[in-house]
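Have a look at the structure below, then the notes.
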Amino acid sequence: MRIILAILAATVSIAAQAPYVPTEVLSRAQDVRETGQHIAAQLWPGWDPGATPLGVYQQGQYVAVLGAKEMGAPFKLDPASSAADPLFVAPASGFPGLHFVNTTANIGGHNVALISADDLMSKATTEEAAAFGIHELFRSYELKITPKKQADLTVLLFGKYPDFATRNRVLMQMEADSLLDALRASDTEQSTKHVAEFLGARAERRKGLADEVVRFESNEEASEGLAGYVEYRLLETAFPAKKDLREQKVAALAKIRELPRDREQERFVLLGMAEALLLDRLRPEWKKEFESSDAMLDELLGRITSPAPELRAWGQALPEEQAKVRKWEEEGTRRIGLMMNQKGRKVVIEVGKAKAHLKLRALNPSMMVPLTPNDTAFTFLGLDLDDMKLDFAGVPVVYEKQQDAFWCMLPEDVVDQAIKDMGDKLKIEGRGFSLQFEDFEVSQRGKEIRIHSAGILEKKGPLKPEFVKPKVP
């Protein structure tokens with residue numbers, strides 16, 4: 001296989017207009033597919049990973065797709081690949097509207113499990129790389145079997161998740177500790193006892209949460225968390241000697257309060273993984289229930305036992321979290337100040353009453369940070385409204401809850417030229433950002449440009465673009 005891949009990679013490099021794809025990248029990607037296909041039946045009934053093409057991309061260079069029977073332009077079939085297992089390669093520049101992240105993307109009419117070559121090759125071992133790739137392949141399958149159990153990421157977009165609520169953080173760690181104890185219990189009775197503790201802590205924690213936040217949590221566990229479960233089972237089934245890798249995943253439950261800011265979404269992966277592992281032990285037929293009903297993972301655990309009313313001791317956890325959160329808010333406030341003191345124009349896009357009509361096209365939770373309870377920063381975001389299209393890839397944009405608006409700092413010359421050139425449309429574009437508007441108003445005060453969409457202002461008919469220059473004293 002590796003010799004074939006070496007020849008294949010060399011051929012790709014000389015094919016007309018086909019970018020070079022390193023042999024080691026293709027080799028790892030193929031290993032992911034083959035490992036998944038060999039043991040898929042043991043991971044999830046009815047799942048065939050080979051039915052989903054696997055795409056590997058290098059930002060700004062290439063997209064390589066394995067497992068698709070055909071791909072249209074700009075893809076080119078590598079002549080060294082077989083008809084039974086073709087490889088298609090295209091330049092990344094051929095997909096200007098595609099957001100390159102680890103996700104399922106529609107490419108050329110095919111749903112492709114898309115993974116980063118950098119992420120794939122950053123894994124220290126073949127086993128870890130296989131687990132990483134299988135995660136995205138299973139996420140693609142989830143979209144088919146449980147399309148309604150996907151998290152609503154607007155909860156993150158509009159800062160609705162209580163990241164700064166210390167009580168929520170401490171009780172979630174209690175949930176994780178109970179799940180960890182349940183997994184490590186030596187018998188079913190003790191495992192069930194700790195599941196009851198988990199359910200009790202969760203019931204207590206969620207008393208103060210909005211329904212949409214509760215749904216977001218359970219959906220994240222039932223999607224990303226379930227894919228984490230498949231990772232664990234793959235390591236157990238395909239690489240049984242690698243017990244240390246499985247233990248690392250389970251042991252991480254004890255430290256979800258200590259996750260870095262940009263990895264906090266992993267909480268739900270770990271919780272969902274643990275819930276599914278416990279369902280294997282305590283309710284073996286749960287997968288049929290999960291696919292055929294609206295029940296989430298935690299709800300299926302609730303069919304095994306009732307919540308325990310007693311909570312674990314709080315100890316110093318609450319004051320420790322309070323101190324941590326205060327530090328986060330202070331750091332976030334400083335970061336906002338540094339952003340606003342940058343050279344350039346502050347561009348504010350109000351969303352207001354049109355917020356419910358915004359279409360979230362792209363959001364990477366690992367590239368967002370809640371700065372304060374009022375401000376969330378994103379460095380990868382795509383939003384659409386009927387008369388507005390926003391894309392940020394590397395340039396930070398902040399959602400400010402009190403203003404109900406997004407704002408960013410952009411180069412002054414780029415913004416001023418866009419304002420000068422605007423007619424019925426306004427385009428502000430540069431490296432890492434693209435803002436496009438129709439039916440809008442623009443106003444300026446000092447270094448701040450404020451843009452109002454017609455959909456936001458709720459005016460009938462098209463708006464005449466308006467630019468209000470700052471008053472000269």
Side-chain angles (χ1 to χ4, degrees), residues 1-40 48-95 98-141 227 230-231 234-235 238-239 242:
M1 172 54 69
R2 297 187 186 279
I3 294 175
I4 293 173
L5 286 170
I7 297 172
L8 183 152
T11 307
V12 168
S13 67
I14 61 174
Q17 299 179 348
Y20 173 72
V21 184
T23 304
E24 57 271 21
V25 172
L26 292 172
S27 178
R28 276 207 165 177
Q30 188 64 21
D31 284 346
V32 169
R33 296 185 67 238
E34 291 180 354
T35 302
Q37 286 176 292
H38 287 158
I39 63 168
D48 175 15
T52 302
L54 178 63
V56 186
Y57 70 88
Q58 179 67 55
Q59 194 81 30
Q61 296 185 35
Y62 62 78
V63 183
V65 176
L66 300 85
K69 296 304 179 186
E70 59 180 33
M71 297 291 291
F75 282 99
K76 289 186 175 295
L77 173 65
D78 182 80
S81 62
S82 68
D85 197 13
L87 170 73
F88 296 89
V89 182
S93 59
F95 307 92
L98 179 64
H99 290 274
F100 288 100
V101 291
N102 300 324
T103 188
T104 296
N106 189 286
I107 303 177
H110 300 270
N111 284 331
V112 177
L114 195 62
I115 58 176
S116 159
D118 287 340
D119 289 344
L120 182 66
M121 300 310 297
S122 71
K123 305 306 176 184
T125 66
T126 301
E127 295 84 358
E128 290 171 284
F132 164 71
I134 214 71
H135 183 108
E136 289 305 329
L137 278 171
F138 190 75
R139 286 288 288 117
S140 296
Y141 185 61
V230 169
E231 283 188 57
L234 175 131
L235 291 172
F239 312 105
K242 292 293 183 178

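Ring pair Phe75/Phe95 is tilted by interplanar angle, where 30° to 60° counts as tilted.
In plain terms, the two heavy atoms of Pro91 and Pro74 that are nearest each other are CD-O, 4.2 Å. Of all non-hydrogen atoms in Leu137 and Ala113, the two that sit nearest each other are CD2-CB, 3.8 Å. Contact between Pro53 and Ala51 at its shortest, heavy atoms only, is CD-O, 3.8 Å. Between Thr35 and Ala238 the shortest heavy-atom distance is CG2-CB, 3.9 Å. Closest heavy-atom contact between Leu54 and Val112: C-CG1, 4.0 Å. Scanning both residues, Ala64 and Leu26, for their nearest heavy atoms gives CB-CD2, 4.4 Å.
Qualifying salt bridge (Lys or Arg N to Asp or Glu O under 4.0 Å) partners for Arg33, counting only residues two or more places apart in sequence or in other chains: Asp85. The ring pair (Phe, Tyr, Trp, His ring centres under 6.0 Å) search around Phe100 returns Tyr57, not counting sequence neighbours. Legend: residues meeting side chain to side chain donor-acceptor pair (under 3.5 Å) with Asp48, ordered by chain and number and at least two apart, are absent. Residues passing the ring pair (Phe, Tyr, Trp, His ring centres under 6.0 Å) test with Phe132: none are found, sequence neighbours excluded. Under the side chain to side chain donor-acceptor pair (under 3.5 Å) criterion, His135 pairs with Glu224, Glu231, sequence neighbours left out.
Under a 3.5 Å cut-off, the side chain of His99 and the backbone N or O of Ala105 do not form any donor-acceptor pair. Within the 3.5 Å criterion, the main-chain N or O of Thr23 finds no donor-acceptor partner in the side chain of Ser27.
Between Phe138 and Leu234, every side-chain heavy-atom pair lies at or beyond the 4.5 Å cut-off. Proximity of Val89 to Tyr20: side-chain heavy atoms (C-beta onward) are nowhere separated by under 4.5 Å. Using a 4.5 Å heavy-atom threshold, the side chains of Ile107 and Leu114 count as touching. Using a 4.5 Å cut-off on side-chain heavy atoms (C-beta onward), Arg139 and Asn102 make no contact.
From Glu24, atom CD reaches atom CE of Met121 across 5.0 Å, with rounding to the nearest 0.5 Å. The CG atom of Leu98 lies 12.0 Å from the OG atom of Ser93; values are rounded to the nearest 0.5 Å. Note that NE2 of His110 is 14.5 Å distant from OG1 of Thr104, once rounded to the nearest 0.5 Å.
Pairs of residues two or more places apart, or lying in two chains, never qualify as salt bridge (charged side-chain N to carboxylate O under 4.0 Å, His left out) while including a residue from residues 111-138.
Heavy atoms from other residues, nucleotides or ligands lying under 6.0 Å from CD of Gln59 number more than 12.
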Evaluate the side chain to side chain contact (heavy atoms under 4.5 Å, CB included) criterion for residues Leu120 and Val32: first the C-alpha distance (whole Å), next the side-chain angles of each, then the deciding distance (0.1 Å), finally the verdict. CA-CA 10 Å; Leu120 182 66; Val32 169; 4.3 Å; yes
